[in-house]
Asks: 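Once you've had a glance at the structure underneath, I'll fire off some questions.
Both counts, for ligands and for their atoms, begin at 1 and track the order of listing. Everything numeric here is computed off the predicted structure, so don't read it as measured data. Below, each value reflects all heavy atoms present in this structure, side chains not excepted, and no hydrogens, waters or symmetry copies.
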Amino acid sequence: MDTWIRGGLVVTAKGSFRAEIGIEAGRIAQVSSHQKGSAAQVLDAEGKWILPGIIDAHTHMELPLEKAVSADDFTNGTIAAACGGVTTIIDFSLHRQGASLEACLRDRRRAADGRVAVDYGLHAEIIDIGQGILDGIPRLVQKGVTSFKLFLAYRRDGRMVDDGAMYAVLKRVGQAGGLVLVHAENGPLLEHLTDQLLKQGKIAPVFHARSRPNQVEEEAIRRAIAISHFARGNLYIVHLTTRQGLRAVQNAHSDGVAVWAETCPQYLLLDEGAYLGSEGRDFIATPPLRSRKDQEALWRGLAQGTISVISTDHCPFTREQKRQGGESFAQVPSGLPGVETSLPLIFSQGVASDRLTANQLVAAMSTNPAKIFGLYPTKGSLEVGSDADVVIFDPEAEFVISAETLHTNTDFSPYQGLAGRGVVQLTMLRGLIIAQNGQFCGPSGYGKFLHRRKFEPDGCQLWPTG
Ligand SMILES: [Zn+2]
């Protein structure tokens with residue numbers, strides 16, 4: 001055996017138990033009540049938890065927006081991920097008007113291959129369906145890109161699709177064995193509300209939230225569900241933030257409609273009060289932060305299984321970038337850092353605060369995204385044969401979040417000063433220790449592109465039925 005991890009509590013989506021884990025050639029080779037034979041390396045996990053590596057299914061490394069590029073490139077952002085216990089990210093292949101999906105995928109892989117510190121996959125954005133785009137979908141599925149992203153907002157940036165295009169993509173992707181991710185905000189409605197506010201001179205950060213009220217999300221989720229059902233598609237709602245949107249997903253589940261949902265730490269931990277502070281613009285993200293009532297609904301949605309995944313929508317900007325565009329909320333680049341802090345924060349505010357069990361955390365942050373995105377059981381599992389993507393986690397150690405000690409390339413953390421417990425002690429990717437005690441120690445570019453399998457909805461019945 002190359003490595004034994006000894007004395008830890010193994011925490012999986014199904015249960016928790018004491019076991020010694022043997023690792024050979026980058027895979028889990030033994031899960032046993034006692035160490036069998038010697039090993040080149042023995043890691044002591046006494047008093048610690050052993051989790052499957054976290055999968056962050058929604059990140060935006062070096063994302064070029066109109067006014068700024070997100071502050072983490074693939075190298076830096078995945079080093080931050082590794083330090084936070086994340087062993088797989090799924091980022092996005094960016095679709096340019098008029099370009100084929102395959103050309104866009106090639107470009108994005110060129111940017112990431114050889115530079116990532118953790119394993120990565122890509123979802124493919126689709127911003128228009130002209131010029132044979134739909135025919136490119138099955139070819140991308142063959143190349144291991146089995147999920148496609150649509151925006152129901154950002155019309156003025158040329159990224160919004162209309163309902164006809166949404167229907168066509170849902171249908172085609174469903175036939176090809178893929179899943180459609182939808183950014184569910186009603187673009188024309190929020191543009192109208194934004195214009196009204198700006199006309200009245202209401203430009204402060206709090207009006208970012210007013211320009212995108214809960215109903216903007218609720219309507220888009222309901223519409224996406226209806227159209228996906230009609231198209232016999234497989235639908236995944238990214239960054240669900242509202243109690244109304246949650247209810248729509250619940251209703252769809254009772255009707256037997258294939259829809260999955262994710263939410264993010266910022267919607268579970270932060271609320272719209274942040275926009276009223278002097279640093280309000282630093283918190284601008286899309287969708288906006290919501291009310292406490294919404295937060296509590298989202299925690300319940302996770303505990304009940306209506307929401308299957310916690311991802312981060314990691315898209316950091318520096319304070320300077322957030323201020324470049326001037327005074328108006330509408331000019332602030334939208335996004336928050338998250339990939340490095342999600343596990344400790346969700347443990348601390350979820351598990352240690354009795355809102356989720358440890359097993360539910362592992363389900364939402366590792367096993368469910370592995371199943372939904374075609375990576376299970378290679379990822380998201382600690383069974384024999386799975387990749388040895390392992391986190392040794394100290395549930396008692398205390399932390400205080402500080403932007404200065406995080407690896408993400410921004411001088412701002414939305415959780416600055418927040419204290420809690422639950423610290424990542426060690427992160428292992430395919431048998432290799434890549435981060436320890438908050439420091440990256442892996443080789444550069446060890447992460448690889450993940451050729452994901454087709455979506456199998458029957459293997460993904462992750463919500464409560466009956
Ligand atoms: Zn996003």
Side-chain angles (χ1 to χ4, degrees), residues 54-74 77-78 80-81 86 88-96 104 108 111-112 120-127 145 147-155 157-161 166 179-187 190 208 212 216-217 220-221 224 235-242 245 260-268 270 283-290 298 307-317 321-322 332-342 364-365 369 372-373 408 410 414:
I54 300 304
I55 297 173
D56 191 337
H58 189 159
T59 66
H60 298 285
M61 305 305 175
E62 52 191 81
L63 173 70
L65 295 184
E66 221 168 288
K67 293 165 199 93
V69 178
S70 66
D72 273 336
D73 63 17
F74 275 107
T78 52
V86 175
T88 295
I89 61 164
I90 311 182
D91 208 280
F92 294 83
S93 168
L94 313 170
H95 191 200
R96 298 181 305 276
C104 295
R108 196 63 170 161
Y120 85 105
L122 293 171
H123 311 289
E125 285 178 4
I126 298 181
I127 61 169
V145 175
S147 43
F148 298 81
K149 166 99 175 270
L150 300 176
F151 296 95
L152 305 188
Y154 303 120
R155 178 169 61 166
D157 302 339
R159 293 202 281 163
M160 188 187 92
V161 294
M166 173 162 59
L179 175 69
V180 176
L181 281 56
V182 168
H183 174 122
E185 288 187 300
N186 182 321
L190 74 88
H208 172 64
R212 309 169 104 98
V216 164
E217 176 178 281
I221 290 179
L235 176 67
Y236 179 96
I237 306 291
V238 296
H239 50 49
L240 182 121
T241 65
T242 62
W260 288 263
E262 72 172 19
T263 191
C264 313
Q266 56 269 35
Y267 304 115
L268 294 163
L270 304 173
F283 290 83
I284 288 183
T286 306
L289 304 176
R290 304 292 186 184
L298 296 176
I307 299 173
S308 302
V309 173
I310 301 174
S311 68
T312 67
D313 201 4
H314 179 80
C315 191
F317 294 97
Q321 286 178 310
K322 288 273 191 187
V332 179
S334 183
L336 293 172
V339 75
E340 192 172 0
T341 51
S342 60
M365 301 185 77
I372 292 170
F373 295 109
T408 184
T410 168

Asks: Over 60° means perpendicular and under 30° means parallel, so classify the ring planes of His123 and Phe92, tilted if in between.
Replies: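 Rings of Phe92 and His123: tilted, as their planes differ by 30° to 60°.
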Asks: Under the salt bridge (charged side-chain N to carboxylate O under 4.0 Å, His left out) rule, collect the residues that match up with Arg290, sequence neighbours excluded.
Replies: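 Arg290: no salt bridge (charged side-chain N to carboxylate O under 4.0 Å, His left out) contacts found.
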Asks: Over 60° means perpendicular and under 30° means parallel, so tell me whether Tyr236 and Phe373 are parallel, tilted or perpendicular.
Replies: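 Tyr236 and Phe373: perpendicular rings.
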Asks: Quick one: list whatever passes salt bridge (charged side-chain N to carboxylate O under 4.0 Å, His left out) with Asp72, sequence neighbours left out.
Replies: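 Partners of Asp72 under the salt bridge (charged side-chain N to carboxylate O under 4.0 Å, His left out) test: none.
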Asks: Would you confirm whether Thr263, through its side chain, and Thr241, through its main-chain N or O, come within 3.5 Å as a donor-acceptor pair?
Replies: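 No.
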Asks: Taking only residues two or more places apart in sequence, or in another chain, which ones meet Glu125 in a salt bridge (charged side-chain N to carboxylate O under 4.0 Å, His left out)?
Replies: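 So Glu125 forms no salt bridge (charged side-chain N to carboxylate O under 4.0 Å, His left out) with any residue.
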Asks: Keeping waters out of it, list the protein N, O or S atoms under 2.8 Å from the Zn ion (ligand 1).
Replies: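 Near the Zn ion (ligand 1), the protein supplies His58 NE2, His60 NE2, Asp313 OD1.
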